[in-house]
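Have a look at the structure below, then the notes.
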Amino acid sequence: MKIKLLSIFIVLFFNSCSKELVQYQLQVEFNPTNGGTVTPAPGIYDKGKALQILAVPTSEYLFKEWKGDLTGVANPANLIINSNKTVTAYFEKRQYPLNLTIEGQGTVKEELVSLSTNALYQSGSTVKLTASPAKGWQFAKWKGDQTSTDTTLTLKIEIPKNITAEFAEWPTVPAVNQELFPNINWNDHVAGKNTPYDFNKDGIPDIVSYESTIYTNTLPAILKILDYSGKTIYTFDLKKYKPNVRDSLSNLLIDYAELNGDGYLDLGLSYMSEWWKGTPGAPGSSADYIGNNVYLLLSKGNFQFDVVEVLDEPNKPVSFNINLFDWDADGLVDILYSDLFKGIYLKNLGANKFERRTLTAPFKQSISNKVDFDKDGTVDYINFYLNQIDENGNYTSNDNSQTLSVLGKNGVKHFPVVGKTLTKYIYIKNGIEAAERIALVDGDSDGDLDLVVGSLKVSNSNIWTYTQDYFENKGTQFEYRKDYIEVDETLVGEFQVWTRDIDNDGDTDLFYPTYRKSQLNAPRGGYFWWENTGKGFKINKKFTLKY
């Protein structure tokens with residue numbers, strides 16, 4: 001009996017041991033394989049074992065869900081080992097926003113998705129952005145979390161990105177359409193000026209010039225002031241003011257300055273009289289151009305002027321000229337009505353009274369301009385002397401120097417202009433290059449004014465082209481800088497450049513003051529301006545014409 005009981009005990013013992021040894025396999029999978037890990041590790045676990053399964057994503061992934069014998073999104077999740085188990089942990093790439101802002105007018109194309117200002121990209125994605133400006137605009141730069149001035153920008157999305165595409169309007173150029181003024185002589189618009197000017201201070205630049213009458217042999221020209229929109233805002237007909245005025249040339253010389261201290265610009269007008277021998281304009285008749293009339297139009301504001309006759313000399317062979325400037329440096333603007341070598345001028349005595357005197361010429365007059373050269377607050381008279389060639393091909397002087405003279409309140413200074421020999425012709429003909437105008441500009445941003453000389457070139461086929469030469473102010477002389485101003489003779493041009501910070505970047509650019517609207521797309525009709533690059537002036541064809 002004892003043996004039987006022992007046998008039963010042994011059987012029961014072995015049966016209980018076999019139950020405790022039941023085990024199952026836990027298999028763990030990852031999708032994607034580099035998305036993360038799972039704890040506990042895969043292996044053999046006893047039946048009934050309660051496990052807490054934890055998915056641990058790598059840095060650029062997020063846990064998404066469980067699949068297989070464990071489902072859901074709980075993490076950690078509970079799992080009972082009651083059979084063989086297969087658990088798959090699904091991970092997904094982190095997603096980051098690309099916040100895109102557009103300043104100005106243009107669009108941005110995203111390479112991976114349609115245009116969106118709040119797109120989400122998986123971490124590690126590469127996105128290509130392409131900026132396209134609207135008409136009249138140009139792409140300026142990318143800014144924000146990544147910067148560039150290229151129109152395309154490649155981003156790797158590993159963190160949230162904030163990117164701004166900045167577009168800028170094409171610079172506005174204040175040139176005027178000549179076709180609005182078919183009867184206007186343009187000498188005043190280009191000669192001796194550097195910038196637009198606004199007589200009536202209404203924000204619209206004005207043109208001061210003249211219009212010849214149909215009776216060009218007998219009637220003086222009519223002064224006209226118009227604004228850039230084409231509106232006539234003032235006329236002065238000398239014949240109506242003084243019906244018995246002598247015959248006059250059909251053109252008119254004009255200058256202006258502040259004469260009476262009221263803050264408005266006043267005008268000086270010079271008329272050359274004609275004295276006909278015989279019937280005016282008839283065959284066999286001739287005219288002697290003897291005598292000069294000078295009138296001042298003293299502004300009272302709002303284009304109201306007092307007319308003052310300051311010179312009427314019918315029998316004296318004076319020159320046809322006028323320059324308003326404080327020639328004797330006494331603070332009052334005088335009137336030079338002859339060539340400077342004669343020196344005949346009307347000294348301003350104040351109270352609109354003038355007295356004829358003779359000025360000792362400080363230099364030989366050639367090509368002039370007026371600008372505050374030394375930046376002392378007063379306008380200086382700038383004269384560029386170079387020898388002239390007459391109609392017979394002969395020099396008019398033995399002086400072949402090239403000199404820029406500056407007359408200011410402290411006297412006159414002379415600066416040699418070196419490095420390139422220029423020529424001035426009295427009469428334009430085929431096959432010449434003639435210096436015609438000067439402008440002053442701080443083109444290298446060093447604080448002083450440099451010299452720009454505009455020249456006319458006439459080919460043997462009588463085609464006119466224009467060049468602009470740059471001479472750097474070196475303190476004691478002006479030195480030629482070859483190709484400092486880009487030249488393209490296939491484009492339209494003029495005698496003289498004007499100066500302004502066209503693109504508002506803090507330096508001074510160059511532009512021509514006129515254009516012809518109908519010729520903008522024609523050969524040699526395309527307009528342009530010069531951008532100051534810091535290393536020279538380069539042609540820029542991106543612009544908006546204001547007028």
Side-chain angles (χ1 to χ4, degrees), residues 133-141 149-151 167-179 186 189-190 193-196 419-420 422 433-446 449-459 463-472 478-547:
K135 184 178 180 180
W137 291 71
Q138 59 187 339
F139 176 72
K141 61 185 176 182
T149 56
D150 295 333
T151 55
F167 297 93
E169 282 190 275
W170 281 356
T172 299
V173 182
V176 63
N177 177 16
Q178 292 190 45
E179 293 167 348
W186 290 94
H189 191 65
V190 296
K193 314 295 188 301
N194 273 342
T195 57
K420 181 177 181 178
L422 302 173
E433 181 174 347
E436 294 289 333
R437 300 284 192 271
I438 62 171
L440 285 301
V441 59
D442 184 5
D444 49 13
S445 300
D446 63 354
L449 292 178
D450 308 308
L451 174 66
V452 176
V453 182
S455 296
L456 166 70
K457 296 176 68 176
V458 186
S459 68
I463 295 176
W464 289 23
T465 59
Y466 302 86
T467 61
Q468 302 293 331
D469 290 314
Y470 188 87
F471 295 83
E472 182 184 355
F478 287 81
E479 298 178 0
Y480 176 59
R481 292 291 176 261
K482 181 178 174 59
D483 299 327
Y484 199 81
I485 300 178
E486 184 178 3
V487 174
D488 184 347
E489 294 185 14
T490 67
L491 300 173
V492 70
E494 283 189 15
F495 290 125
Q496 185 189 11
V497 297
W498 283 12
T499 62
R500 172 175 280 197
D501 185 1
I502 297 292
D503 49 8
N504 296 314
D505 64 351
D507 55 29
T508 304
D509 309 299
L510 306 177
F511 69 102
Y512 281 131
T514 64
Y515 71 98
R516 291 185 178 273
K517 186 175 181 179
S518 65
Q519 299 297 310
L520 286 177
N521 297 317
R524 297 190 66 249
Y527 188 78
F528 64 94
W529 59 285
W530 284 277
E531 181 180 358
N532 189 337
T533 67
K535 297 181 179 180
F537 292 92
K538 301 301 180 183
I539 289 174
N540 191 319
K541 298 180 182 179
K542 294 181 178 180
F543 59 88
T544 299
L545 289 165
K546 187 173 183 179
Y547 301 101

Go through the steps to decide whether W530 and Y470 satisfy the test ring-ring contact (aromatic ring centres under 6.0 Å, His included), and finish with yes or no.
-> CA-CA 13 Å; W530 284 277; Y470 188 87; over 10 Å; no

Hey, can you tell me if W464 and F495 have their rings parallel, tilted or perpendicular (30° and 60° cut-offs)?
-> tilted

K541, NZ atom: more than 12 neighbouring heavy atoms under 6.0 Å | no

Where K538 and D483 come nearest, the two heavy atoms and their spacing | NZ-O, 4.4 Å

Would you please indicate yes or no on a ring centroid separation below 6.0 angstrom for Y527 and F543?
-> yes

For G443 and N532 the tightest heavy-atom approach is O-ND2, 3.0 Å

To the nearest 0.5 Å, how far apart are NZ in K542 and CD in Q138?
-> 5.0 Å

Check the pair E179 / S518 against side chain to side chain donor-acceptor pair (under 3.5 Å), numbers first and verdict last.
-> CA-CA 8 Å; E179 293 167 348; S518 65; 2.3 Å; yes

Less than 4.5 Å apart, any side-chain heavy atom of F471 and any of V453?
-> yes

Mind running side chain to side chain contact (heavy atoms under 4.5 Å, CB included) on V492 and Y515 for me, showing each step along the way?
-> CA-CA 8 Å; V492 70; Y515 71 98; 6.0 Å; no

To the nearest 0.5 Å, how far apart are CG in D442 and CD in E472?
-> 10.0 Å

Start with the C-alpha gap between R500 and D509, add the side-chain angles, then the distance that decides, and say whether salt bridge (charged side-chain N to carboxylate O under 4.0 Å, His left out) holds.
-> CA-CA 5 Å; R500 172 175 280 197; D509 309 299; over 6 Å; no

Can you tell me how far NZ of K420 sits from CD of E479, rounded to the nearest 0.5 angstrom?
-> 15.5 Å

Shortest non-hydrogen contact from Q468 to I485?
-> O-CB, 3.7 Å

For D446, does the CG atom sit with more than 12 other heavy atoms under 6.0 Å from it, leaving out its own atoms?
-> yes

Show your reasoning for whether side chain to side chain contact (heavy atoms under 4.5 Å, CB included) applies to I438 and V452.
-> CA-CA 6 Å; I438 62 171; V452 176; over 6 Å; no

Determine the minimum heavy-atom distance between E433 and T467, stating which atoms define it.
-> OE2-OG1, 3.5 Å

Going through the checks in order, is the side chain to side chain contact (heavy atoms under 4.5 Å, CB included) test met by V173 and T544?
-> CA-CA 6 Å; V173 182; T544 299; over 6 Å; no

Out of curiosity, Y480 OH to L422 CG, how far, rounded to the nearest 0.5 Å?
-> 8.5 Å

Main-chain N/O of W137 paired with W170 side-chain donor or acceptor, under 3.5 Å = yes

What is the minimum heavy-atom distance between T499 and L510, and which atoms define it?
-> CG2-CD2, 3.8 Å

Nearest heavy atoms of F511 and P174, plus distance in Å | CZ-CG, 3.8 Å

Under a 4.5 Å cut-off applied to non-hydrogen side-chain atoms, are W529 and Y512 in contact?
-> no

From Y466 OH over to L456 CG, what is the distance, rounded to the nearest 0.5 angstrom?
-> 5.5 Å

Do the rings of F537 and Y484 sit parallel, tilted or perpendicular, given the 30° and 60° boundaries?
-> perpendicular

Distance in Å, E531 CD paired with D503 CG, rounded so as to fall on 0.5 Å steps | 5.0 Å

